[in-house]
Structure formats: structure tokens, C-alpha cells
Protein chains: 2
Amino acid sequence: MKVSGHHRITIKDVAAAAGVGVATVSRVLSGGSASPETRERVLAAAARLDYRPSALGRNLRQRRTGGIALLVPDITDTFYGRLTEGVLSCARSAGEPVMIGATGDDPELEAELIGTFLEQSVDRVIAVPCGDADTWTPALRAGLTVVFAHRRPPGRDDVPAVLSDDRLGVRTAVEYLAGLGHRRIAYLGGPGQGPRLRAFRDTLAALGITLDDELVVSARAARDSAYAAASGLFQHRPDLTAVLAGGNVLGEAAVLAARELDLRLPRDVSIVMFDDVPWAELCSPPLTVIAQPAQDIGYRAAELVMRESARRTRDTVLPTELLVRGSCGPRR
Amino acid sequence: MKVSGHHRITIKDVAAAAGVGVATVSRVLSGGSASPETRERVLAAAARLDYRPSALGRNLRQRRTGGIALLVPDITDTFYGRLTEGVLSCARSAGEPVMIGATGDDPELEAELIGTFLEQSVDRVIAVPCGDADTWTPALRAGLTVVFAHRRPPGRDDVPAVLSDDRLGVRTAVEYLAGLGHRRIAYLGGPGQGPRLRAFRDTLAALGITLDDELVVSARAARDSAYAAASGLFQHRPDLTAVLAGGNVLGEAAVLAARELDLRLPRDVSIVMFDDVPWAELCSPPLTVIAQPAQDIGYRAAELVMRESARRTRDTVLPTELLVRGSCGPRR
DNA sequence: ATGAAAGCGCTAACAA
DNA sequence: TTGTTAGCGCTTTCAT
């Protein structure tokens, strides 16, 4: 067999080898109509030459890149790692390549990355968004199919989202804590947690507990910011008896800060954390958590974005589950 | 300003608006020579029309996709999460898009993903490889620039790699353990850890400790496989007094298995884990680890793969560090 | 059922 | 310095 130096095999080569026109090769390879005999010849030639159609040519012709783009705040956070795994596994079964970007929960960076995607003519994106509704206008106007995962910018109801049931998750956790006798319950949140916060307030109200604004703090995405917020909370309000952490990074910070201040779990303070992670069981005491189906969120979002129907779909809300382990106890 | 319906602005539009030829626009936008006056006009027109060059056209013309492809075993593992973050941050500063794939440490899947990349005419890939040397032959023959990260397939010395200093890391850990009086030290490894294993054997030999083959076990990538291996090890050889875990998933499994069998740390068994993760401090006792610069590995690999000189470069070996915390004690 | 030919948006020769 | 032109590899009319 003759192997030429560094010449990429194109559809022309296959056409020549099979003694047909390029159009026929294209048709056969994309399942169009052709006589069985011709099809046979083309397939044989393609196989013999080890032909791989160039996505470049196809994409340019069709004015779109296949594949899907994924935007997450922080790939270092295992929650987003699992979400990403879900997207990848769905994309893989469809043979679609995945482009990834980390926004660091910075709207400007997000906008920039969207720009990169536009430049690449990506036409499908899954995003855990951090910018406001307007950030997404250019992408939408350019005709992108977008699906939000995990959260959505307020006011962008024209884009479908795959979410976990934050409302019920928060409510379950707070009711559990209240059932243990806690009244001064803090919420330690991160960026873009409007819905959870609202659920927190609403649940408190429903239970007849007055909201204490000082017990609601919000950190930026980074680990040190989370630690600072948690530590500040404990020091500023030593009277609190329970905290609900809005994510695994925040939960980790809370445990660390509590330990640093010699607060014992669950004697001095009870902690419930959003997101079940492997180390929650290794912690001592093991952490009580609200499990979220991170991987499923990613998988569903990918399914959705690959369907043509994506543009007009209702949100998908996935259930959460309270896993009671050892980090909560009765009010001291 | 007139905004046309859904027509993508092309270089032609800009050329017309500026009253110049398309080549001139191309030159100006890619920093070629042009009279200041012309340049001005072109830039103005481009800005006014909000022109974004299509990567599709450029890529086809240049027969290559910009951007870099990344292959990791498991994006759910925080080690690879951090490595990925390193790659992303370097790529971001160069404005390069990143394509990602998860191999699950399955050589077949790896080969398939390489195929996808080839189809996309990707020309740079960073990989934590799991296949053998031959898996990479097609990619190399196609002219891809590849850089290995974290490990390399035996026999593929023609591809540069960015590694952590496994040899010294293992040695430091084993010597530390031996210094504590341990003699029956187990190694709990994962896929592709040949060099670490060799270092383990060599260090034992240097210390005059006879290697006990039963104390060297190897798990597949998945968490349950790691747990099974760890649990089996403890049950099969209750006489072991220390274990070196070859990664955070394996370490987690070891801690879990030990706890399940009522082995106390560090009284009954000492554990050192490769890879420092946030939860290592939350564990009780806090885990003694060998820290690896995961993010740096990713960043360096990205730098390397973007340089033209990548093809002929020596390996980069980054230092590890033994962080002594509380999971190791004197031999019981 | 098949082939010829026209581009998709861009860059790089080559001319002027 | 600038414009004209020829493709990059593919899909898709439009004839045949």
C-alpha cells in the first residue's frame, strides 16, 4: 500500500479511488441514496484509504460547528466536575466534541468566553451562567441554542434550564434543623443563589422564625472568600446554632472555620451542606447534606441542547435528597 | 444603525464598508502592513459592523483548528480538575478554545477520542494518556503536537511530558514511613503508575526491606474498584502497618476501608496519600500527603503545547512535597 | 442514481 | 501598499 507523505486524504481522493464523483461520496457517507453497488465501492475505497471526513470543510459549508460548548464557574469544584462528566458522557454517545470554559463566576469573563464561542461558530452551549440576562442577548441573537444548568440569570425565562429543586431542598433542610430546635439558623451562600436565599427566607417565615439579616452571608466563588465569610459569621454571631451552607466549597469552609474556632460539631453548631461529596463521609462527624444530582443535571442539559426542540421547552427540575449523617444535633 | 436580520457579517461586508479589498481587511486584522489611514478606515468599519472573523473560514484555509484538546481520565477527580484548570487558564490568556474529553482510563475510548480530534483537525493535544505507545502513532503521524501530562505511555519518549517528581515523592514518603518504624508497607496504586511502583520497589530495596508482593495492589480508575482493592488489602493482610495510596481516590478508599474495619488512624495503620486535596485537612486525623502541583502541570503543559518548540523538548519534572499531618504514627 | 459546479469565509500568492 | 484571485474540503442544488 502506498502511503503518501503528509497529504491529508480528502473526499476527492476517495472519489477518484472509487471512480465516482465527489458528490456521490458525500451522499454515501451521509446515508443518502445510491445504488448498492456504488455504495459498496465508495465504502471500500474510503476504508482502504482510511478516509476521515474533515469537520472543517463540512462546518464551513454548513456555517456551523458541530459540538457543544460548556461554561462552568470552576472546574475545580467537584460539583461542576460531576456536572461536566454528565455533559461529556452524553456528548460522547453522540460523538460530539465538547468545548469547555471556566468563568470563575466573573460576568466579564463569561461574556468574553461567549465571544470566543461565537467566533468558533459554536451553535450549542450549556452554561452555569453568572452574568445577567443581557449577557446572553448577543448569543441568543446570533442564533445559539443555549440551555442553562444549575441556575439561570433572573429574567431570562426564554432559555430552558435544568435545575435541582433548590426550593424543596432548602425547605427540607431548614425544617429538619428547626425540628431539632434550632432558631438562629445562618445561611452561607455563594454567587447566583437568589432562589435558594428566597427559599430560605420563605421557609423561615413559614415556620414563624424571624429572619435575622446578619445570619445571611454571601461569599464569592473562591475558597478563601468562603472561609472568610464562614469565619466572620461564627465570630460575629457566636449565638447562632446552625448553618446551612450553599455548596460544597462553602460547607468545607464552614467545617474548617468551626474547627479553627474550637466549635464542636454537632454539639456547638449544626451544619447542613448543599451537595453530597465523597469526603462528606470522611469528615468527623460525617456531614449531613442535601444531595444534588450533579451528573444528571449535566446529562439532561446535554440531551436538551442537542434536541432541536430545545428552544421551546419547560425547565427540568430534578429532586434533591436530605442525607442525614452526623453533623446536626439538638439545639444546645 | 441598520441591523440586518440574521446575516452573519463577513469580511466582504467590512471590505465594502471600508471601501477596500478583502485582503486588506484580512491584513489589517492580523497585524499586517497597511497605511495608517487605511488601517483606520478598516478598523472603524469592523467596529461599526461589530465584525467577528469566522474561525471556520480561517481554519479551513489554514487546514488547522486553533485551540487545544485535552484528554483526562476522569474530570470528576479533583486532581484532574485542577490540572484542567491550569490548562484553561493558560489557554484563556492566549484566547485559545479548549476541547475536552474524558477517557475513563480506557485505551479504546482514548483512541476514539483521538479520532474525534483528528476529524476536527485539532492540531494540539494535551493528554493524561492511558493507552500504550501505539495508540498515539496515528495522532503523531497526522502531525499533531502532543504533550503528555502527569504520566506517559512507556516507550513514547519522542513526546515531551510534564510530570511531577514521582520518584522522589515516593521515596520521601516511604522513607518517612520507614523512619517511623514501619516495615510492612503497602502500595495501593491505580492505572498507569509504573514509575511510582518502580520507585516504591527501589526505595524499599535501598532501605533493606524485602518486597512483599501481596502488599502491592492495583485498582482500576473507578471509586468502587479503589474501595474493593483497599478493603481487600486490609482484610487479606491485617499485619500491614502502613499504606501509601497512589492518588486521592485511592486515599479516600483507604480511609473509608480502614474505618469500616475499625482500624484506627494512625494507631492501627498509617496512611500517606498522593495528592493534597482540601478534604485532607477535614479528615480526622488530617491526612499526611504528598502534594503535587496539579494546576501547574496543566499550565506548563499548555505553555509547552502552544510553543512551536514543543516537538523537541525535554520533560518537565515538577517537585512534590510531603505534608506531614496526622495520619501516620510509629509502628504499633 | 449520478456528476458538475457553486460556494461557505477566510488567507496567501501574485500582480499592479 | 493594495486588490484580484485561487483555493482549503465539504455539501447541495441543478442538470443529466
Quiz item: Who are the side chain to side chain donor-acceptor pair (under 3.5 Å) partners of B/T316, not counting sequence neighbours?
Solution: none
Self-check item: Interatomic distance, A/N59 CG vs C/dG9 P [rounded to whole Å]
Solution: 13 Å
Practice problem: Quickly work out the A/R64 CZ to C/dG9 P distance and round it to whole Å. | Solution: 15 Å
Quiz item: Roughly, in whole Å, what's the span from CG in B/L56 to P in C/dC10?
Solution: 9 Å
Quiz prompt | Results of salt bridge (charged side-chain N to carboxylate O under 4.0 Å, His left out) for B/D315 - residues two or more places apart only | solution = B/R152
Self-check item: For A/D105, side chain to side chain donor-acceptor pair (under 3.5 Å) partners two or more places apart
Solution: A/R151
Quiz item: Which pairs, with at least one residue in residues 292-305 of chain A and sequence neighbours excluded, count as a salt bridge (Lys or Arg N to Asp or Glu O under 4.0 Å)?
Solution: A/D296-A/R300
Quiz prompt | Residues that B/D123 engages under salt bridge (charged side-chain N to carboxylate O under 4.0 Å, His left out), provided they are two or more places apart | solution = B/R64
Quiz item: How does protein reach along nucleotides 1-8 of chain C, written 5' to 3' as B (base within reach of a heavy atom under 4.0 Å), S (only sugar-phosphate), or - (no contact)?
Solution: SBBB-BBB
Quiz item: What is the 5' to 3' range of DNA chain D, first to last nucleotide, that sits under 4.0 Å from any heavy atom of chain B?
Solution: D/dT1 to D/dG9
Exercise. Using the test side chain to side chain donor-acceptor pair (under 3.5 Å), find all partners of A/T137 that sit at least two apart in sequence or belong to another chain.
Key: A/R156
Quiz item: Does B/S54 make a side-chain N or O approach to OP1 or OP2 of C/dG9 shorter than 4.0 Å?
Solution: no
Exercise. Please collect all salt bridge (Lys or Arg N to Asp or Glu O under 4.0 Å) contacts where either partner lies in residues 66-84 of chain B, sequence neighbours excluded, each pair once.
Key: B/R82-B/D275
Practice problem: Using modelled atom types only, decide if a donor and an acceptor are shared between the side chain of B/E85 and the backbone of A/T76 within a distance under 3.5 Å. | Solution: no
Quiz item: Angle, rounded to 10°, between the helical axes spanning five pairs at each terminus of the helix from C/dA1-D/dT16 to C/dA16-D/dT1?
Solution: 40°
Exercise. Apply salt bridge (charged side-chain N to carboxylate O under 4.0 Å, His left out) to B/R52 and list each qualifying residue two or more places apart in sequence or on a separate chain.
Key: A/E119
Practice problem: With rounding to the nearest 0.5 Å, note down the distance linking CE in A/M306 to CD1 in A/I126. | Solution: 8.5 Å
Self-check item: Whole-Å distance separating the CZ atom of B/R58 from the C1' atom of C/dA12
Solution: 14 Å
Exercise. Write out all pairs satisfying salt bridge (Lys or Arg N to Asp or Glu O under 4.0 Å) with one or both partners inside residues 19-45 of chain A, taking only residues at least two apart or from two chains.
Key: A/E37-A/R41
